[in-house]
There are 2 protein chains.
Amino acid sequence: MDAVAFAVGQWRAEAPTLDHAPTLIFGRLARYAQMLAVMNDRVLAELGLAAWELDVLDTLTRQGAPYSLTAGDLERAMLITSGTTTHRIGRLEARGYVTRSRDADDRRVVNVVLTDAGRAACVTALEALLERQRRALDALETHEQDALTTGLRALGRVLRDAPPDA
Amino acid sequence: MDAVAFAVGQWRAEAPTLDHAPTLIFGRLARYAQMLAVMNDRVLAELGLAAWELDVLDTLTRQGAPYSLTAGDLERAMLITSGTTTHRIGRLEARGYVTRSRDADDRRVVNVVLTDAGRAACVTALEALLERQRRALDALETHEQDALTTGLRALGRVLRDAPPDA
DNA sequence: GCGTATTATCTTGATGTCAAGATAATGCGT
DNA sequence: ACGCATTATCTTGACATCAAGATAATACGC
């Protein structure tokens, strides 16, 4: 009986006419994501890195050489607003992990390039994170991992199609 | 090919020696939770409610009469810090959705009680949210829903046991 | 070419959250 | 009773994020 199942039990007593089944999936998704974030933060904190910093460095690093994207590319890849993008780039630039420069062909565009220090920090952090996550998954049965992969992929399909209101 | 699978593909080209498999689960969990939050926010915004507000109201409502918890209870149920708890209660009190009073037996304790308006807002919002979520789940096959439930429950087990560092 | 619409980024102001410490009440050993 | 540790909540300061609008550069119809 986890916290979400308990909460649904409470709700079924209080409002029996409502269908609370979706909470068993979406409520868990939200709560476990929050718990995952805490776990990740603990690993990254030891390396002096915040999750949002790794988010940027990861997005740039996995592009491969020359490890460059525009501000707009980063914004779309990370699902954040343009204001947050500006802020993130500024902080990482101050830390020496990226450089920022106007594009020569289209001067509205800002090119963000990963520095060697930024790439090194990214790889170190990702190694630690993946190691921690792999150990967590080791506690799952194979069929449970398969169920998660199947279920999450299906859920992604739904959430992608769902966005528009209604 | 969703965004997470694409990112893992990029990473496997850039750093083939790393085991990126955990990302297919944990990366999706994080990203889909963010997408879910956006979906929920859209539904709640039409009702003039923020997700963190429903979080409080929901926790109180599902207790059943007399719809009361201490500040500490709320803090632990919502996985937030004490400072955030104080802030949330204050905002909802100003909005007339909860009342706050010192406990008679232990004056360190603050009792938070849901008002009728708060309970009404909670039920209305939850109905809308569940309806939206149910429609999203309708797009899933039965076996996919089962896989999700199985997988998420197992993941919850792991994340609960994992918290302590290492 | 000119003027308007569009695009890319940045700025401003507000807000929710946390970490760390302050305040205040209770419990407990002697 | 007294003093110290513990507990519950609140305060303060910093910060990441967003919404909305500003700024600046490009595209495009005429």
Side-chain angles (χ1 to χ4, degrees), chain A residues 30-31 33-35 37-42 44-46 48-57 59 68-95 97-113, chain B residues 30-31 33-35 37-42 44-46 48-57 59 68-95 97-113:
Chain A
R31 176 164 280 242
Q34 187 180 358
M35 292 167 68
V38 170
M39 185 178 94
N40 287 347
D41 284 346
R42 259 200 289 262
L44 293 178
E46 293 185 20
L49 211 62
W52 66 262
E53 292 178 304
L54 181 58
D55 195 12
V56 179
L57 300 181
T59 304
S68 176
L69 284 176
T70 72
D73 290 337
L74 285 170
E75 174 182 336
R76 285 178 290 276
M78 298 189 291
L79 307 182
I80 56 179
T81 64
S82 63
T84 300
T85 306
T86 298
H87 184 248
R88 286 187 178 188
I89 295 170
R91 300 278 289 160
L92 287 174
E93 186 182 33
R95 205 170 163 175
Y97 284 171
V98 304
T99 62
R100 167 165 35 191
S101 56
R102 289 279 169 185
D103 188 274
D105 294 337
D106 184 342
R107 281 202 292 224
R108 291 171 303 181
V109 171
V110 165
N111 288 113
V112 180
V113 183
Chain B
R31 176 165 280 242
Q34 187 180 359
M35 292 166 70
V38 170
M39 186 178 94
N40 287 347
D41 284 346
R42 259 200 290 260
L44 294 179
E46 293 185 19
L49 211 61
W52 67 262
E53 291 177 303
L54 181 57
D55 195 12
V56 179
L57 300 181
T59 304
S68 175
L69 284 176
T70 71
D73 291 337
L74 285 169
E75 172 182 337
R76 285 179 289 276
M78 297 189 293
L79 306 183
I80 57 179
T81 63
S82 64
T84 299
T85 306
T86 298
H87 185 247
R88 286 187 178 188
I89 295 171
R91 299 279 287 161
L92 286 174
E93 186 182 31
R95 205 170 161 175
Y97 284 171
V98 305
T99 62
R100 167 166 32 192
S101 57
R102 288 278 168 186
D103 187 274
D105 294 337
D106 184 342
R107 282 202 295 224
R108 292 170 302 180
V109 172
V110 165
N111 288 114
V112 181
V113 183

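Treat the numbers as computed from the prediction; the structure is a model and nothing was measured. Numbers restart at 1 for each chain; the letters A, B, ... are given by sequence-line order, proteins then strands.
Backbone-only engagement by B/T70 is indicated by non-hydrogen atom pairs under 4.0 Å involving sugar-phosphate atoms exclusively. In this structure, A/G72 reaches the sugar-phosphate backbone alone: every heavy-atom distance under 4.0 Å involves primed, P, OP1 or OP2 atoms, never a base. Within 4.0 Å of B/D105, counting heavy atoms only, lie sugar-phosphate atoms of the nucleic acid but no base atom.
Under 4.0 angstrom from either OP1 or OP2 of D/dT26 there lies no side-chain N or O belonging to A/R102. Listed pair A/R88 / D/dC18 fails the phosphate criterion, with no side-chain N or O lying under 4.0 Å from OP1 or OP2. Between B/R91 and C/dG16, a side-chain N or O to OP1/OP2 separation shorter than 4.0 Å is present.
Rounded to an integer number of Å, the gap from NE2 of B/H87 to P of D/dA14 is 17 Å. Atom CG of A/L69 and atom P of C/dT9 are 11 Å apart (whole Å). If you take CG of B/D41 and P of D/dT17, they are 15 Å apart, rounded to a whole angstrom. Atoms CG (A/L54) and C1' (D/dA16) sit 16 Å apart, rounded to a whole Å. The distance between atom CH2 of A/W52 and atom C1' of D/dT17, rounded to the nearest whole Å, is 11 Å. Rounding to whole angstrom units, CD of residue A/E75 and P of C/dT9 are separated by 7 Å. For the pair B/R95 CZ and C/dG16 C1', the computed distance is 15 Å after rounding to whole Å. Distance B/I89 CD1 to C/dG16 P: 14 Å, rounded to the nearest Å.
The CH2 atom of B/W52 sits 12.5 Å away from the CG atom of B/L44 when rounded to the nearest 0.5 Å. We find the CD-OG1 distance between A/E75 and A/T81 to be 7.0 Å, quoted to the nearest 0.5 Å. Note that CG of B/L74 and CD1 of B/I89 are 5.5 Å apart. Values are rounded to the nearest 0.5 Å.
Under a 3.5 Å cut-off, the side chain of A/R100 and the backbone N or O of A/N111 do not form any donor-acceptor pair.
The side chain of B/I80 sits closest to C/dC18 out of D/dA16, C/dC10, C/dC18. When distances run from any side-chain atom of B/D106 to the nucleotides D/dT11, C/dT9, C/dA25, the shortest one goes to C/dA25.
Below the 3.5 angstrom threshold, one finds a donor paired with an acceptor across the side chain of A/R108 and the base of C/dT7. Taking 3.5 Å as the limit, the base of D/dC18 and the side chain of A/T84 contain no donor-acceptor pair of atoms between them.
Each of A/D103 and B/D73 was matched to the nucleotide of DNA chain D holding its nearest heavy atom; the match closer to the 5' end belongs to B/D73. Mapped onto DNA chain C by nearest heavy atom, A/Q34 and A/R76 fall at different nucleotides, with A/R76 at the one closer to the 5' end.
Counting heavy atoms of neighbouring residues, nucleotides and ligands inside a 6.0 Å radius, atom CZ of A/R107 does not exceed 12 of them.
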